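Since this is a predicted model, take the numbers as computed values, not measurements. Counting starts at 1 for both ligands and their atoms, in listed order.
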Amino acid sequence: MSTNAVAQPTTGTEDEAAAARIRAMRERIDAIDTALIELWQERANLSQQVGATRVASGGTRLVLSREREILEKFRSELGADGTQLALLILRAGRGAL
Ligand SMILES: C=C(O[C@@H]1C=C(C(=O)O)C=C[C@H]1O)C(=O)O
């Protein structure tokens with residue numbers, strides 16, 4: 001390896017055919033992770049804008065009935081992990097209370 005070579009994460013197998021398949025699947029995983037991060041940030045920004053718009057018009061920062069709907073949607077699609085994920089998503093959109 002030359003001194004400028006970038007270290008690649010190991011595939012965890014010595015089998016070259018399996019390693020090639022793993023590398024290909026990891027490309028898609030990396031693309032999904034990038035999309036998730038972008039969507040996470042876009043959603044948090046939108047959620048904060050909704051809250052600011054509502055407060056500026058005399059409303060409340062949060063609407064708990066709407067948050068319950070979102071929690072239920074994630075729970076029904078993803079089970080208990082969905083509930084935990086939705087709680088994190090909602091928290092990201094709140095910013096500093
Ligand atoms: C974004 C909103 O404001 C708040 C944030 C929510 C969210 O992040 O989904 C949901 C309800 C509100 O507590 C909204 O009312 O839609």
Under 4.0 Å from ligand 1 - residues by heavy atom, chain and number: R43, S47, V50, R54, L62, V63, R66, E67, I70, L90
Remaining members of the apolar cluster that contains V50, side-chain heavy atoms under 4.5 Å: none
Of R91, R94, R61, K73, the residue whose pairing with E67 passes salt bridge (charged side-chain N to carboxylate O under 4.0 Å, His left out): R94
Only distances under 3.5 Å count here; give the side-chain donor-acceptor pairs of residues 33-47 to other protein atoms, sequence neighbours excluded, each with its distance to 0.1 Å.
| residue | atom | partner | partner atom | Å |
| --- | --- | --- | --- | --- |
| T34 | OG1 | D30 | O | 3.0 |
| N45 | ND2 | Q41 | O | 3.3 |
| S47 | OG | G93 | O | 3.4 |

Is a side-chain N or O of R75 found less than 3.5 angstrom from the main chain of G82, in a donor-acceptor match? no
Using the rule that Ile, Leu, Val, Met, Phe, Trp and Tyr join whenever any side-chain heavy atoms are under 4.5 Å apart, tell me whether L88 and F74 fall into a single cluster. yes
Taking distance alone, no hydrogens or angles, what donor-acceptor pairs closer than 3.5 Å link side-chain atoms of residues 14-24 to residues at least two apart or in another chain?
| residue | atom | partner | partner atom | Å |
| --- | --- | --- | --- | --- |
| D15 | OD1 | A17 | N | 3.0 |
| D15 | OD1 | A18 | N | 2.9 |
| E16 | OE2 | R23 | NH2 | 2.6 |

